[in-house]
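All ligand and atom numbering here is 1-based and tracks the order in the structure.
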Amino acid sequence: MRLSVPFFFLLWVQALTLKNLNYSVPEEQGPGTVIGNIANDAGYGTMERGKKSNFRVLENSAPHLVDVDPESGLIFTKQRIDRETLCRRNPKCQLSMEVFANDKEICMIKIDIQDINDNSPSFPSDHVNIDISENAAAGTRFPLTIAHDSDSGENGIKTYQVTRDDYNTFSLDLKVRGDGTIYPELVVQRPLDREDQSHHTLLLTAIDGGEYPRSGSMQINIRVTDSNDNSPVFEKSSYVIEILENSPAGKILIDLNATDQDEGSNGQVVYSFTGYASERIQDCFPLTQILA
Ligand SMILES: [Ca+2]
Ligand SMILES: [Ca+2]
Ligand SMILES: [Ca+2]
Ligand SMILES: [Ca+2]
C-alpha cells in the first residue's frame with residue numbers, strides 16, 4: 001500500500017503530455033481579436049460542440065488581457081493590449097498561459113506582443129539654451145539632450161537631424177553607446193563671431209525607424225558669448241588740431257570718440273595719453289578737457 005500513491009501519481013503524470021504553442025499578436029488590437037486556435041494547432045481537430053471545458057486555463061500571466069474559449073479553443077484578446085504599458089522598455093514582450101486541453105494535455109502557450117510604431121520621439125523640453133564662447137575652436141563639441149521613444153527596436157529612435165544655418169556654422173555628430181542609445185552632439189564647424197551674429201537658432205529632430213517614421217523636435221537657442229577680440233577704434237587714425245596761442249585753459253579743442261564692438265567691460269573705453277605725448281602737452285591739456 002505504501003507504493004500505491006506514488007505509483008498512481010506516476011501513471012497520472014505519464015498520462016499528461018506537454019505541448020508548446022507559440023503565437024503573436026500586434027499590440028493595440030481591440031477586444032475579441034483572435035490570436036490562435038489551440039484545437040487546430042495542437043491537432044485535436046474540431047472539438048465536440050456542447051462539451052464543456054475542453055480547454056481550461058490553469059495559469060494566465062495576464063488574466064485580463066487574453067483568454068481561451070473553453071469549447072472551441074480559440075485564444076482571443078479580452079481588451080486592448082498596450083505593449084509599452086505591459087513591458088515598458090523590454091524589447092521582448094510575451095504573455096504565457098497554461099491550458100489543460102482535452103482532459104489529457106497541458107498546452108504551454110507563449111504569445112509575443114508585437115510592437116507597432118504608435119509613439120513619436122519626444123524631448124523633455126521644447127527648447128534648450130546653450131552658451132558658446134565666440135573663441136570656441138572649430139571642432140568643439142556640445143552634447144545635446146536625447147529624445148525618448150517608448151517603442152522598441154526599429155520603432156525606437158533611429159537618428160537625429162539638425163537644421164543647417166546659412167553658413168553651416170554647426171553640424172551634428174551621432175555617437176552610439178553599447179546599449180544602442182544614440183547621443184547627438186553639436187559640433188562647431190566655423191569660427192564664431194559674436195559681433196557678427198550673437199544668436200543662432202537650430203531645430204533638432206529625432207526620427208524613429210518605423211515603416212512610417214515618426215519624429216519629434218526641440219529648438220536649440222545658441223547665445224554666442226563675448227571674448228575681448230576687438231580694440232577701441234577712433235573715427236580717424238590721426239587728428240590735427242589748430243589752436244590759437246593764448247587760448248584760455250579749459251577750452252574744448254576737439255570732441256573725440258572711440259568705439260569698441262565687444263560687450264560689457266570688453267567694450268568699455270578708457271582714454272589716456274600714451275607716453276608719446278610730451279609731458280608738457282599732457283600738463284596743458286588734460287584729456288578730460290579735450291573731450292566734450
Ligand atoms: Ca516610435
Ligand atoms: Ca508601440
Ligand atoms: Ca574690446
Ligand atoms: Ca568680442
Side-chain angles (χ1 to χ4, degrees), residues 23-31 33 35 61-62 64-66 77-95 110-123 130-138 140 146-159 165 167 169-170 179-182 188 190-200 206-216 221-237 256-272 274 291:
Y23 298 94
S24 66
V25 64
E27 63 168 325
E28 303 295 336
Q29 305 303 302
T33 300
I35 300 171
S61 63
H64 300 294
L65 297 179
V66 293
T77 59
K78 291 178 72 177
Q79 62 179 66
R80 182 183 69 85
I81 300 173
D82 178 24
R83 193 205 67 86
E84 285 72 47
T85 302
L86 186 64
C87 298
R88 298 187 180 277
R89 294 191 174 194
N90 192 344
K92 187 171 181 61
C93 190
Q94 196 172 65
L95 299 177
K110 305 283 187 199
I111 304 169
D112 285 314
I113 308 301
Q114 298 171 331
D115 185 37
I116 66 171
N117 193 18
D118 56 341
N119 290 278
S120 299
S122 66
F123 289 92
I130 302 176
D131 285 354
I132 301 179
S133 169
E134 66 175 325
N135 62 10
T140 306
I146 64 170
H148 172 73
D149 189 322
S150 301
D151 299 319
S152 74
E154 284 293 303
N155 293 329
I157 292 170
K158 185 178 185 183
T159 190
D165 58 310
Y167 302 102
T169 312
F170 301 96
D179 63 355
T181 306
I182 302 172
V188 178
R190 294 161 49 90
L192 300 168
D193 183 8
R194 188 204 67 85
E195 287 72 53
D196 180 46
Q197 187 172 357
S198 59
H199 290 83
H200 299 260
I207 306 165
D208 68 25
E211 184 179 356
Y212 301 100
R214 305 171 72 120
S215 63
N221 301 318
I222 298 169
R223 183 172 72 102
V224 181
T225 59
D226 188 44
S227 73
N228 193 14
D229 56 347
N230 287 279
S231 299
V233 177
F234 284 97
E235 292 164 354
K236 294 166 64 176
S237 60
L256 292 175
N257 186 35
T259 56
D260 185 320
Q261 294 183 53
D262 294 321
E263 188 179 44
S265 60
N266 291 337
Q268 289 178 357
V269 179
V270 175
Y271 299 88
S272 67
T274 69
L291 298 176

Side chain to side chain contact (heavy atoms under 4.5 Å, CB included) for Thr77 and Leu65? Distances and angles first, verdict last.
CA-CA 6 Å; Thr77 59; Leu65 297 179; over 6 Å; no

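- Under the 4.5 Å side-chain criterion, counting only non-hydrogen atoms from C-beta, Ser198 is not in contact with Arg223.
- Take the Ca ion (ligand 4) and draw a sphere of radius 3.0 Å; the protein N/O/S atoms inside it number 7.
- There is a side-chain donor-acceptor pair under 3.5 Å between Asp262 and Asn230.
- Partners of Glu154 under the salt bridge (Lys or Arg N to Asp or Glu O under 4.0 Å) rule, at least two apart in sequence or in another chain, do not exist in this structure.
- Under the 30°/60° scheme for interplanar angles, the aromatic rings of His200 and Phe170 are found to stand perpendicular.
- Evaluated for a side-chain hydrogen bond (donor to acceptor under 3.5 Å, both in side chains) with Asp208, the options Asn155, Asn117, Thr159 yield exactly one hit, Asn117.
- For Thr85, the side-chain hydrogen bond (donor to acceptor under 3.5 Å, both in side chains) partners at least two apart in sequence or on another chain are Asp82.
- Side chain of Gln94 to backbone of Lys110: no donor-acceptor contact under 3.5 angstrom is found.
- Nearest to the Ca ion (ligand 3), among the N, O or S atoms that Asp260 has, is OD2.
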Begin with the C-alpha distance, continue with both residues' side-chain angles, and end with the deciding distance and a verdict on side chain to side chain contact (heavy atoms under 4.5 Å, CB included) for Asp118 and Glu84.
CA-CA 10 Å; Asp118 56 341; Glu84 285 72 47; 3.4 Å; yes

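- The distance cut-off of 3.0 Å around the Ca ion (ligand 2) captures these protein N, O or S atoms, sorted by chain and number: Glu27 OE2, Glu84 OE1, Glu84 OE2, Asp115 OD1, Ile116 O, Asp118 OD1, Asp151 OD1.
- Side chains of Asp149 and Asn119: a donor-acceptor N/O pair is absent below 3.5 angstrom, by distance only.
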